[in-house]
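So the structure is just underneath, and the comments pick up after that.
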Amino acid sequence: MTGTPTLYAAFAAKIDAALSALEAEGVLPPGLPRAGVSVEPPRDPAHGDLATNAALVLAKPAGTNPRALAEGLVGKLVDDAMVTSAEIAGPGFINLRLADAVWLGELRAVAALGADYGRSLLGAGRRVNVEYVSANPTGPMHMGHCRGAVVGDALASLLEFAGHQVIREYYVNDAGGQVDVLADSVYLRYSEALGVEIGEIPPGLYPGEYLKPVGEALAREFGDKYLEAPADEWRGLFRKRAVAAMMEQIKADLAQLGIHHDVFASEAELQRAGKPAEAEAWLRAHDLVYDGHLEAPKGKTVEDWEPVELPLFRSTKFGDDQDRPIRKSDGSWTYFGADLAYHMQKAEGADELIDIWGADHAGTVKRIKAAVAALSEGKGRPIPFDVKLVQMVQLLRGGEPVKMSKRAGTFVTLAEVVEEVGKDVVRFTMLTRKPEAQMDFDFAKVVEASKDNPVFYVQYAHARIHSTLRKGAAEGIEPSDRALERLGADELALVKLAAQFPREVEAAAKAREPHRIAFYLYDLAAAFHAFWNMGNDDPGKRILLADDRELTGARLFLAGQIGQVIRNGLGILGVQAVEEL
RNA sequence: GCGCCCGUAGCUCAGCAGGAUAGAGCAUCGGAUUCCUAAUCCGGGGGUCACAGGUUCGAAUCCUGUCGGGCGCGCCA
């Protein structure tokens, strides 16, 4: 595993050393808190390559004014060979300009590291379990699942790229009542396949056509063996077969989006293994589960409400509104009761847990966080646990909302959408919005106005680069780093932006926000397109120059490395970097 | 009633764990194509960052409250 050292980290160390030197000289009092000191690219490139707020942050505790402190620091920094100028600006920022050689070195680093450029050691090999999708196995994937699937998958890749060991996990809810409904629905299709007139699908069962092949397969295999049989004889079998068929379908749908999980954990197996009971015993022993009465639901009146004694988890101790039942009155596990045990199982194989959930499950975040905290801390191994909520996607077609109802069988499937607009568009679009904000997804727009789609913009930049490399090769000119010092300010600006990539990766990984990579790639593509177009106004600025093979080689080298960074970024997002459009 | 998320240009959205003059795309107006792919680029106009307080050298960003929108609030999953 390799890591890409960022320039910013290198300079943070230099500034730290300079501060220590000032302390040693008695200019600064010892022991100043340096946590707030940052080294960043200034928002306005005219200010320089790097800026630090050290003087602003430290002036007060040092009992001096920012400018005086800044002057002391600048005195230490100007001697550095990598620094060409250090200026004090505004209230006390220090702006640094770096030698061209530093940036050219970064460009060579891209070439040397290739697909590994931007990788980070940030994660230090920590095992992170990312659970995402986990759609109920009662039907094909629909668009409601799409955003969480893409965000979760991109986050997993991002964390991997940032040095974590990632487990991609899917929780199969194959134990609840909805699976019985599924089995009954399949039974109906089974009867239908044997020639029984079934008429309208009764309300409460899944009406979708997608269950027909499952019923037909069962009819082929078992004939009319179960047609007149009581439900106990076939339900277990039908459950199993139906779930298996649905999971096969779901995996196929996910594969179309380029998503593959490492682990599919079954709720039914978890229960058979007695995990929820183990968790309950432990929680009872620690007075975190007790038998008590549930309050009546808030917000709407429930007519048949009766208080019943149930085993409750003390989630109120952890900030939840009320204690939550882990078992139903018939003794079976609630979703939460099993989920709590499931999270403990995940925690055994990971150092950190992340769940990606739809916003409609926001109300259950507190209880599961409470449960993980109680169990992992109680057992002496606290596990960081984060639930990322992905907000709803409003599906539109030409501005009109698309109505979806799983019960009525009128939902838009993921497969349809991928078929219609393509995997790359779906993935990139889902990542051009921060996940905690709602988004609209308009088919008409995404398909028809494909040239307004950011994914094409980024891919076009990559394709242009490759077309240029091909053209150069046809003329016998290969990229070369021999004369990089001939690159000018316009080229270096591009290098500087490309050199942000490792920093963007780390920032995005820390914040768990893969969408930042998408926006960064858009910016990088824009910079490249702008650079390219300079050649339209001034032929001397083109990459391919008929009369200067040396400079052409250097520019091709530059272009090739920009392409490499775009590829690496798109790789994280799971979007293809095409070489031709 | 309570909890979570959101509120930034006419529209769709960024804003890098508090930084310098708040940025893109679309739309609109005006330009660039003897060209390495114009699916591109350059420029103009357009903002009380919902509102009101607070924290500090400094707030779109953090805290409190109000308003507006979304999601949720059963032993469902």
Side-chain angles (χ1 to χ4, degrees), chain A residues 36 38 40-44 47 51 53 56-57 59-60 65-66 89-93 95 136 138 173 175-178 267 294-300 302 304-305 308 310 319-322 324-330 332-337 339 358-366 389 391-392 394 432-434 436-440 442 445 449-454 456-457 459-461 463-465 467-472 475 500 503-504 507-508 510-511 513 515-516 519-520 522-523 526 528-537 539 542-545 552 555-556 559 580-581:
Chain A
S38 67
E40 305 176 315
R43 186 162 290 174
D44 183 351
H47 289 145
N53 62 353
L56 284 166
V57 177
K60 199 172 199 185
N65 72 68
F93 287 102
N95 291 328
N136 286 340
T138 55
N173 301 130
Q178 87 279 1
E267 182 183 3
L294 217 49
E295 294 166 42
K298 310 271 195 304
K300 55 179 167 182
V302 179
D304 57 349
W305 175 258
V308 182
L310 292 168
D320 201 357
D321 304 330
Q322 58 174 294
R324 306 292 176 174
I326 60 169
R327 276 194 279 165
K328 307 178 198 172
S329 49
D330 68 359
S332 67
W333 299 101
T334 62
Y335 182 85
F336 172 61
D339 201 28
D360 50 344
H361 290 76
T364 63
V365 171
K366 278 185 181 170
L389 290 177
Q391 288 292 330
M392 303 286 111
Q394 160 111 314
T432 47
R433 188 98 158 80
K434 57 182 176 203
E436 64 270 25
Q438 295 147 237
M439 83 183 289
D440 291 346
D442 194 320
K445 237 177 184 167
S450 58
K451 61 178 173 177
D452 293 334
N453 204 305
F456 290 100
Y457 186 82
Q459 287 181 322
Y460 182 39
R464 265 186 159 169
I465 287 166
S467 129
T468 313
L469 290 171
R470 282 193 300 270
K471 190 130 185 164
E475 289 169 25
Q500 300 294 316
R503 185 174 174 275
E504 292 289 340
K510 268 190 218 163
E513 291 180 348
H515 75 275
R516 288 194 197 182
F519 282 97
Y520 167 75
Y522 186 87
D523 288 344
F528 181 78
H529 285 309
F531 173 71
W532 173 280
N533 274 275
M534 281 186 224
N536 284 341
D537 299 332
R542 289 182 193 159
I543 295 171
L544 300 176
L545 301 166
T552 298
R555 285 183 179 169
L556 283 173
E580 278 178 75
L581 276 187

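Naming: A, B, ... by sequence-line order, numbering from 1 per chain.
- For B:A20 and B:G53, the C1' atoms lie 26 Å apart once the distance is rounded to whole Å.
- Applying the 3.5 Å distance criterion, the base of B:A77 shares a donor-acceptor pair with the side chain of A:H361.
- Which of B:U37, B:G72, B:U40 sits closest to the side chain of A:A463 comes down to B:U37.
- Taking the nucleotide of RNA chain B with the nearest heavy atom to each of A:E436 and A:P41, the more 5' of the two is matched to A:E436.
- Residues A:G36 and A:V57 share a closest heavy-atom pair of O-CG2, 3.7 Å.
- As rounded to whole Å, 8 Å separates atom P of B:G74 from atom CD of A:Q322.
- The aromatic ring centroids of A:H529 and A:Y460 lie less than 6.0 Å from each other.
- Counting non-hydrogen atoms under 4.0 angstrom, A:N53 reaches a base of the nucleic acid.
- A:A511 comes within 4.0 angstrom of no nucleic acid atom, judged by non-hydrogen atoms across all strands.
- Separating the CZ atom of A:R470 from the C1' atom of B:U37 is a distance of 9 Å, rounded to the nearest angstrom.
- Comparing atom distances between the A:M439 side chain and each of B:C13, B:C16, B:G19 picks out B:C13 as nearest.
- Across all strands shown, A:S329 has heavy atoms under 4.0 Å from base atoms, whether or not it also approaches the sugar-phosphate.
- Contact annotation for A:N536: base contact, defined as any heavy-atom pair under 4.0 Å involving a base atom.
- Separation of the P atoms belonging to B:U40 and B:A59 is 38 Å when rounded to the nearest angstrom.
- In this structure, A:K434 reaches the B:G7 phosphate: one of its side-chain N or O atoms is under 4.0 Å from OP1 or OP2.
- The side chain of A:K60 places no N or O atom within less than 4.0 Å of a non-bridging phosphate oxygen (OP1 or OP2) of B:G58.
- Comparing the C1' positions of B:A39 and B:G19 gives a spacing of 38 Å, expressed to the nearest Å.
- The nearest heavy atom of RNA chain B to A:F531 and to A:A362 marks one nucleotide each, and the one closer to the 5' end goes with A:A362.
- The interatomic distance linking A:D321 (CG) with B:C4 (P) rounds to 9 Å, in whole Å.
- Using a 4.0 Å heavy-atom criterion, one finds that A:G177 contacts the sugar-phosphate atoms exclusively.
- Counting atom types as modelled, A:R542 pairs no side-chain N or O with a base atom of B:C35 as donor and acceptor under 3.5 Å.
- Side-chain atoms of A:S467 and base atoms of B:C36 include no donor and acceptor less than 3.5 Å apart.
- Contacts of A:S38 with the nucleic acid, taken as non-hydrogen atoms under 4.0 Å apart, are absent.
- Nucleic acid contact for A:R327: none, since no nucleic acid atom lies under 4.0 Å from a heavy atom of the residue.
- Annotation: side chain of A:T432 is not in contact with side chain of A:Y522 (no heavy-atom distance under 4.5 Å).
- Side-chain atoms of A:N95 and base atoms of B:A20 include a donor and an acceptor less than 3.5 Å apart.
- Here A:L389 lies in heavy-atom contact (under 4.0 Å) with sugar-phosphate atoms only.
- Residue A:R433 is classed as a sugar-phosphate contact, given heavy-atom separations below 4.0 Å to backbone atoms only.
- Here the separation of B:U48 from B:A60, taken at their P atoms, is 14 Å to the nearest Å.
- Distance noted for atom C1' between B:U55 and B:C62: 8 Å (whole Å).
- Residue A:H515 places at least one side-chain N or O under 4.0 Å from the OP1 or OP2 atom of B:G15.
- As a whole-Å value, the separation of A:Q394 CD from B:C71 C1' is 13 Å.
- Proximity note for A:D360 (side chain, C-beta onward) versus B:G3, B:C71, B:C76: the nearest is B:C71.
- With sequence neighbours left out, A:Y335 forms a ring pair (Phe, Tyr, Trp, His ring centres under 6.0 Å) with no residue at all.
- One P atom belongs to B:G44, the other to B:G23, and the distance between them is 13 Å to the nearest Å.
- B:A17 and B:C75 have their C1' atoms separated by 41 Å, given to the nearest Å.
- Stacking between A:F519 and the base of B:A14 is absent under the criterion of ring centres within 5.5 Å and planes under 30 degrees.
- Base contact: A:V57 has a heavy atom under 4.0 Å from a base atom.
- Counting only Watson-Crick and G-U wobble pairs whose two key distances fall under 3.5 Å, RNA chain B forms stems of three or more stacked pairs at B:1-7 with B:67-73, B:10-13 with B:23-26, B:28-32 with B:40-44, B:50-54 with B:62-66.
- OP1 or OP2 of B:A17 sits under 4.0 Å from a side-chain N or O of A:R516.
- Taking side-chain N and O atoms only, A:W532 has a distance below 4.0 Å to OP1 or OP2 of B:A38.
- Using a 4.0 Å heavy-atom cutoff across all strands shown, A:A89 reaches at least one base atom of the nucleic acid.
- A:Y460 has a side-chain polar atom (N or O) that falls below the 4.0 Å cut-off from OP1 or OP2 of B:A38.
- Going from the P atom of B:U61 to that of B:C6 covers 13 Å, rounded to whole Å.
- Among the atoms of the strands shown, base atoms are found under 4.0 Å from some heavy atom of A:A51.
- Among the protein residues, A:E504 comes within range of no part of the nucleic acid, since none of its heavy atoms lies under 4.0 Å from any strand.
- A straight line from OH of A:Y457 to C1' of B:A38 spans 12 Å, rounded to a whole angstrom.
- The residue A:Q438 sits close to a base: some heavy atom pair falls under 4.0 Å.
- Distances from the side chain of A:Y522 to the nucleotides B:G70, B:G74, B:A24 place B:A24 closest.
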